[in-house]
Number of protein chains: 2
Amino acid sequence: MAASARRYKDEVFEQFARIGKAVGSPRRLELLDLLCQGPRTVEVLADRAGLSLANASQHLQVLRAARLVEAEKSGPFVTYRLADGVEGFYLGLRRLAEERLAEVHAASRAFLEERGAMESVDATELLQRAVAGGVTVLDVRPPEEYRAGHLPGARSVPLSELRARLREIPRDRDVVAYCRGPYCVLAVEAVRLLREEGFAAHRLESGPPEWRRAGVVLESGR
Amino acid sequence: MAASARRYKDEVFEQFARIGKAVGSPRRLELLDLLCQGPRTVEVLADRAGLSLANASQHLQVLRAARLVEAEKSGPFVTYRLADGVEGFYLGLRRLAEERLAEVHAASRAFLEERGAMESVDATELLQRAVAGGVTVLDVRPPEEYRAGHLPGARSVPLSELRARLREIPRDRDVVAYCRGPYCVLAVEAVRLLREEGFAAHRLESGPPEWRRAGVVLESGR
DNA sequence: CCAGCAATCAAGCGAGTTCTTGAATACCAG
DNA sequence: CTGGTATTCAAGAACTCGCTTGATTGCTGG
């Protein structure tokens, strides 16, 4: 009976470790991060994460074996989505890493300083100003992510189109750009470009996953 | 600049993965589970987890490198303790595993059924009854864990001493035994023994980490 | 039925992880 | 300073993981 108790304990911790192993790879964490924006096909995920198709597929299968994502096949496409409770767990992991690993802060600071001071903006304050009409809010993610959920009042201007669409943006008031969240670089690039062009631009550090988590109701579609 | 953005992203996810890698091993999860009971020396942890000393030391160093635990040397002893925020993260990981991995439930059920139905007891209800004096509450963990924090009103009767101390336990009322938490087998064994001896014994599934997390103020010392 | 695309499978290599064993270090008591 | 104890270090064998490449499956439109 002591032996069967030991087997039970081993089995249980072995199961817990499945989750840990699954999030023990930077690639898989990046895929989870992307999936926080909404469901995606393998091809899109591979492209965004900079992985080969076969490699991305394999990582996604590891995540699926750990039940962190679910796959649904429709036609020739397979769409992956986060399983329930996983977004919260991922954000918890990230917060722990930010709190405990000095290296995360150091990397962020180094990167952001390299492209000029980039003071960020508070989301709730921004929402008030946006409603009052005093500021232009840009969602610079790819269009399908905008469609899956965005800040009310934000306009979709993907980073790739920003330079060509500068004339759409009013010059007489502040511009705030956001993207997927604190570790996505799209908004950083957008703000750099906007400033070069003379706009009063700021970056909103948080993104849809954080807002959803905080209870903000997002707009979708269009 | 696209290249430096990619390097930044890689670096950040690499750092997040340090946490994941650290909790990707069943042994290390067991060590974390034990450390949720309070700080311990290497030797005690190795013994409780059934690891060789060198192996336990190595695992603890991995956890320390990921900043999940902190080590303090006093005399010839090294005492490890959980870092801030890690208990919450561990309980979150465990809850996710319970929710998403059918295997965890299956293993628990199989184990518990093997030793007879073992209906469990609610902690808040128990506290009321304990205060009212209608039930005997036993803490069957090793004494030093009892000292580090226990349920108010509970008596320390380590499982190893239980058989010899049966006469201390009143036979005219219910007995509730608890240990480290849902995946610790001490209370299960205690209840089995008590029932064999004719006591009306029940297991309290949760343990000090869960209660602390829920805001219950624990007693310590003695 | 065939061409073409999305996704997966299979095999293989290099790199990393886990556990063991035996030696080394650090501290304390006498 | 010496012996004993707590812990860590070092190195090797077995195993697992991650990525690549090329073949394969499965669906769809012509």
Side-chain angles (χ1 to χ4, degrees), chain A residues 6-7 9-11 13-35 39-66 68-81 144, chain B residues 6 9-11 13-32 34-35 39-66 68-81 144:
Chain A
R6 189 153 337 109
R7 272 200 308 277
K9 227 178 45 176
D10 285 356
E11 165 68 11
F13 285 114
E14 192 76 51
Q15 292 299 328
F16 294 168
R18 284 172 63 186
I19 309 272
K21 284 201 223 305
V23 295
S25 142
R27 308 299 176 189
R28 287 196 286 271
L29 285 171
E30 184 163 4
L31 291 170
L32 285 180
D33 196 281
L34 288 167
L35 284 169
R40 291 287 175 280
T41 66
V42 181
E43 193 181 28
V44 172
L45 289 167
D47 172 63
R48 300 273 197 276
L51 301 175
S52 77
L53 205 64
N55 196 6
S57 174
Q58 279 176 139
H59 279 305
L60 287 165
Q61 282 169 76
V62 173
L63 290 172
R64 190 165 58 155
L68 298 182
V69 306
E70 287 158 3
E72 191 189 354
K73 187 154 191 171
S74 79
F77 300 93
V78 177
T79 302
Y80 282 87
R81 74 185 66 240
E144 72 270 22
Chain B
R6 190 153 336 111
K9 227 178 45 175
D10 286 355
E11 166 70 11
F13 285 114
E14 191 76 53
Q15 292 299 328
F16 294 168
R18 283 173 64 186
I19 310 273
K21 283 200 222 307
V23 295
S25 144
R27 309 299 178 191
R28 287 194 286 271
L29 286 170
E30 185 165 3
L31 291 170
L32 285 180
L34 288 167
L35 285 169
R40 291 286 174 283
T41 66
V42 181
E43 193 181 27
V44 171
L45 289 166
D47 172 63
R48 299 275 196 277
L51 300 175
S52 78
L53 208 65
N55 196 7
S57 174
Q58 277 177 140
H59 280 305
L60 287 164
Q61 281 169 75
V62 173
L63 290 172
R64 189 164 59 154
L68 298 182
V69 306
E70 289 158 2
E72 192 189 354
K73 186 151 192 175
S74 79
F77 300 92
V78 177
T79 302
Y80 282 87
R81 74 185 67 241
E144 71 271 22

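Scope of the values below: all heavy atoms of this structure, side chains included, with no hydrogens, waters or symmetry mates. Letters A, B, ... mirror the listed sequences (proteins, then strands); counts begin at 1.
Defined by atom type and a distance below 3.5 Å, a donor-acceptor pair is present between the side-chain atoms of A/Gln15 and A/Arg18.
Taking all atoms of both residues into account, the shortest heavy-atom contact from A/Ala22 to A/Leu63 is O-CD2, 4.0 Å.
A/Phe16 meets the ring pair (Phe, Tyr, Trp, His ring centres under 6.0 Å) test with A/Phe13, B/Tyr183; sequence neighbours excluded.
Mapping heavy-atom proximity under 4.0 Å, the span of DNA chain D touched by chain B runs 5' to 3' from D/dA6 to D/dA11.
Within 4.0 Å (heavy atoms only), B/Leu51 reaches no atom of the nucleic acid at all. Using a 4.0 Å heavy-atom cutoff across all strands shown, A/Gln61 reaches sugar-phosphate atoms only and no base atom.
Within the structure, every side-chain polar atom (N or O) of B/Asn55 is placed at least 4.0 Å from both OP1 and OP2 of C/dT18. Distances shown here put a side-chain N or O of A/Ser57 below 4.0 Å from the OP1 or OP2 atom of C/dT8. For B/Arg27 and C/dT17, the shortest distance from a side-chain N or O to OP1 or OP2 is not below 4.0 Å. A/Tyr80 has a side-chain polar atom (N or O) that falls below the 4.0 Å cut-off from OP1 or OP2 of C/dT8.
Closest contact between the side chain of A/Gln58 and the listed nucleotides C/dT8, C/dG22, C/dA10 involves C/dA10.
For A/Ser25 and A/Gly75, each mapped to the nucleotide of DNA chain D holding its nearest heavy atom, the one lying further toward the 5' end belongs to A/Ser25.
Helix bend of the helix from C/dC1-D/dG30 to C/dG30-D/dC1: the angle between its two end axes, each built from five pairs, comes to 30° after rounding to 10°.
Under the 3.5 Å distance criterion, the side-chain polar atoms of A/Arg40 are left unmatched by any main-chain donor or acceptor of A/Ala46.
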